[in-house]
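Before any comments, here is the structure.
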Amino acid sequence: MQEFKHEIARMLTDKLPGSDIDFEGLMEIPPDPAMGDYAFPCFQLAKQLRKSPIKIAEELVGQLEPNGIVSEIKQVQAYVNFFINKEELSRKILTRALHHPLDYGAQNIGANKTVAIDFSSPNIAKPFNIGHLRSTVIGGSLKSIFEYLGYEVQGINYLGDWGTQFGKVICAYEEWRDEVDLTHEPIKQLLKLYVKFHEEAEKDPSLNEKAREWFKRLEEEDPVALELWEDFKDITIETLIQVYHRMGIEFTEYSGESRYFKKAEQVADMLDKKGLLVESEGAMIVDLSEYDMPPFLVKKSDGTTLYSSRDLAAAIDRYERFGFTQSLYVVGQEQTLHLNQVFKVLELLGYDWAERCTHVPFGLYLFSGEKMATRKGRIIYLEDVLDDAVELIREIIEEKNPNLLEKEQVAEMVGVGAVLFADLKNTRIKDVQFDYDKILSFDGETGPYLQYTHARINSLLKKAGKEIEVDQIDFGLLQENEEKEVVKAVGYFPDKIQEAAEKLEPSIIAKHLISLAAVFNTFYNAHRVITDNEEVSKARLALALAVKITLSNGLRLLGIKAPEQM
RNA sequence: GGGGCUUUAGCUCAGUAGGAUAGAGCGACAGAUUCCUAAUCUGUAGGUCACAGGUUCGAUUCCUGUAAGCCCUACCA
């Protein structure tokens with residue numbers, strides 16, 4: 001839709017040359033489409049020209065002439081309202097969509113630029129719970145969005161596969177290995193050990209000491225410790241890959257903290273050489289009080305490194321390997337301080353690319369108002385949520401469309417899609433109250449609503465059975481207001497993708513798809529597509545196809561599949 | 001104590017980089033299917049935009065303060 005805005009801005013600039021007003025930037029969309037497609041408010045001009053804004057609007061309307069693109073110009077109070085020629089609008093927008101069935105809205109603005117995205121990044125030896133969903137789906141969507149815009153994207157799964165927690169798991173395994181059977185649901189077994197460790201450690205603090213011992217052995221590459229750790233790691237990754245596959249998520253690489261535990265020492269040395277490292281309470285820290293931040297802990301008092309220095313090493317490694325233009329960290333808002341510290345320390349180390357690192361924070365899932373805590377076993381497994389959703393969809397299919405082919409595949413697509421969409425439609429930064437009923441409701445603003453609209457258009461097109469030849473459509477036949485609203489929603493799609501990339505906010509696409517489906521369904525309900533009038537039918541089928549194309553591409557950017565039937 | 005984020009209809013949330021009568025979904029109520037999938041659509045009811053100041057021709061939107069909720073605040077990640 002940008003081109004229409006450009007055109008209107010150009011018309012205004014022609015009438016008011018020499019004005020330093022940003023016509024395009026000031027332009028708005030009127031609250032009611034009956035008022036116009038675009039509006040220009042005259043308040044700023046009023047200030048500059050020292051005339052009443054209403055009068056200016058009046059004068060402008062008198063001077064501006066409708067043309068092939070703008071069919072009507074109206075003054076309403078202090079606004080100049082523009083109506084875009086329906087035929088022109090439909091031809092431009094729909095032709096473009098129909099010519100790009102697989103990549104409508106894609107661009108090449110990211111050519112020769114690399115974006116590194118750190119997302120999902122769960123802890124090994126802990127279950128993949130619903131809390132990991134947000135990073136996974138937001139990151140996965142951002143990856144798709146940037147790729148769509150022509151960027152090279154490095155999707156990095158930075159596993160939490162190192163740290164004291166492994167000392168704890170190994171220690172627990174050594175203490176109570178008879179109580180678990182790692183051949184069956186190994187992750188849940190490991191979690192049981194982890195939870196038990198914390199329970200027992202409260203009674204017997206010496207366990208914490210033993211755990212630290214084990215981790216130290218790990219860092220010293222003790223073979224016994226290493227072998228156990230490798231086993232835990234392998235069985236976890238195996239399970240993880242299955243879940244990612246279900247969600248259509250792919251990573252460029254599986255990395256992890258363990259990869260950097262040696263480099264972390266080097267980073268600590270660098271910090272020391274730069275004179276940034278100071279000793280405090282037996283530990284080694286970087287003093288950030290000058291920047292209004294608490295100290296950045298680099299080495300614990302027992303001499304081992306912790307996540308902080310590994311994060312530094314990983315950041316440096318990413319820059320060295322990818323030369324990124326942006327490095328994104330899709331990590332919960334709870335880690336805001338930590339990441340700000342990391343970026344600041346990188347800057348202090350003299351890396352000017354530190355400013356290219358961005359934290360993409362998101363709100364947490366809350367359970368009855370509280371954060372989820374693995375240590376207390378207060379968790380909900382993502383897999384269970386997905387399974388429940390799929391099962392419910394199965395029932396709905398039996399009830400509403402028992403003759404559907406490939407029921408199982410469709411149930412999987414719709415069930416998983418519902419869970420993904422329920423998450424992605426939320427504004428990133430806000431905490432999300434975990435509400436099972438809401439995730440498993442499929443009416444209204446949901447993933448299934450979009451998929452249903454898509455499937456219905458598909459069967460409509462099949463029923464019509466006509467090849468749609470773009471050059472032979474008479475776009476002038478799309479004169480209904482409902483049709484125009486659909487065309488505009490299709491036209492806004494590319495703008496929304498770009499906005500989503502700029503704001504790092506997939507929910508912008510999710511919300512736009514909802515409004516696209518809504519205006520289409522309104523149209524679909526008010527007018528027949530297949531009519532006695534051959535030419536009108538063709539034009540409307542073209543419109544419907546454009547919506548289908550937009551929905552399927554949009555859903556793909558969210559990681560959601562669009563079944564042809566449901 | 002300090003810092004960050006949040007606060008809009010009964011519930012869950014939008015609100016386009018200050019502007020025209022604040023919008024959806026769910027829930028409630030009333031309707032639409034001889035006709036392209038009713039997982040849909042149409043309508044009704046429901047709002048001191050947390051509160052108080054300030055900037056502005058104009059503030060739900062920007063600034064300050066207050067309150068509430070969540071998170072962080074060195075040897076977990």
Side-chain angles (χ1 to χ4, degrees), chain A residues 25-26 28-32 35 39 41 43-44 46-47 52-53 76-79 81 121 123 126 160 162-165 168 212 257 280-285 292-302 304 306-308 310-311 331-338 340 361 363-364 366 369-371 375 393 396-397 399-401 404 414 418 425-427 429-433 435 437-438 441-446 448-449 451-453 455-464 492 495-496 499 503 507-508 511 514-515 517-518 521-526 528-531 540-541 544 565-566:
Chain A
L26 285 175
E28 325 175 4
I29 295 163
D32 180 349
M35 299 166 94
F43 304 101
Q44 298 246 350
K47 203 178 246 176
S52 104
V76 183
Q77 296 171 48
Y79 293 84
N81 290 352
S121 305
N123 282 321
K126 284 193 202 172
W162 203 250
T164 325
Q165 51 179 329
K168 291 176 184 172
R212 262 194 291 276
E257 288 186 68
S280 169
E281 298 172 29
M284 301 306 283
I285 63 155
D292 293 319
M293 281 188 262
F296 185 68
L297 191 64
V298 177
K299 274 188 175 182
K300 297 185 279 189
S301 43
D302 66 2
T304 56
L306 62 172
Y307 62 99
S308 55
R310 296 192 286 273
D311 282 359
V331 177
Q333 61 158 354
E334 53 194 349
Q335 290 196 42
T336 300
L337 174 61
H338 170 246
N340 285 340
L364 295 83
L366 300 177
E370 277 190 317
K371 191 185 164 187
R375 291 184 197 184
I393 295 290
I396 294 175
I397 289 173
E399 178 196 326
K400 306 200 174 192
N401 198 357
L404 181 69
V414 177
K425 75 170 177 186
N426 295 302
T427 302
I429 196 67
K430 293 195 178 178
D431 286 342
V432 181
Q433 196 58 240
D435 183 344
D437 294 341
K438 226 177 109 190
S441 76
F442 311 123
D443 297 329
E445 298 174 339
T446 64
Y449 172 74
Q451 291 167 319
Y452 176 69
T453 304
R456 229 164 40 151
I457 293 173
N458 185 59
S459 63
L460 172 69
L461 295 169
K462 248 170 72 183
K463 171 149 189 169
Y492 280 124
D495 307 345
K496 294 291 178 181
E499 192 188 339
K503 296 185 176 167
S507 70
I508 288 171
K511 282 165 194 150
I514 288 291
S515 59
N521 284 321
T522 297
F523 154 75
Y524 189 68
N525 225 262
R528 292 196 58 80
V529 173
I530 300 168
T531 69
R540 288 185 176 166
L541 284 166
Q565 286 167 48
M566 66 185 269

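Proteins get letters first, then strands, A, B, ... in listed order; numbering begins at 1 in each.
Scanning atom types as modelled, no donor and acceptor separated by under 3.5 angstrom connect the side chain of A/Q451 and the base of B/rA39. On a pure distance criterion of 3.5 Å, a polar donor-acceptor pair joins the side chain of A/S280 and the base of B/rA74. Evaluation of atom-type donor-acceptor distances gives a pair under 3.5 Å for the side chain of A/R528 against the base of B/rC35. Between the side chain of A/N81 and the base of B/rA20, at least one donor-acceptor pair of N or O atoms lies under 3.5 Å.
A straight line from CD of A/E334 to P of B/rG4 spans 18 Å, rounded to a whole angstrom. Between the NZ atom of A/K47 and the P atom of B/rG19 there is a distance of 14 Å, rounded to whole Å.
At a threshold of 4.0 angstrom between heavy atoms, the contacts of A/P30 include nucleobase atoms, whether or not backbone atoms are also involved. At the heavy-atom level, A/Y524 lies under 4.0 Å from base atoms of the strands shown. Contact annotation for A/A464: no contact, since no heavy-atom pair falls under 4.0 Å across all strands. Within 4.0 Å (heavy atoms only), A/R310 reaches sugar-phosphate atoms of the nucleic acid but no base atom. The residue A/S301 sits close to a base: some heavy atom pair falls under 4.0 Å. Within 4.0 Å (heavy atoms only), A/Y449 reaches sugar-phosphate atoms of the nucleic acid but no base atom.
Checking B/rC36, B/rG25, B/rU37 against every side-chain atom of A/S459, the shortest atom distance belongs to B/rU37. Proximity note for A/F43 (side chain, C-beta onward) versus B/rC70, B/rC57, B/rU40: the nearest is B/rC57. Minimum atom distance to the side chain of A/Q333 is reached by B/rC5, of the listed B/rU37, B/rC13, B/rC5.
Across every strand in view, B/rA32 sits in a pair with B/rU40 that passes the Watson-Crick or G-U test at under 3.5 angstrom.
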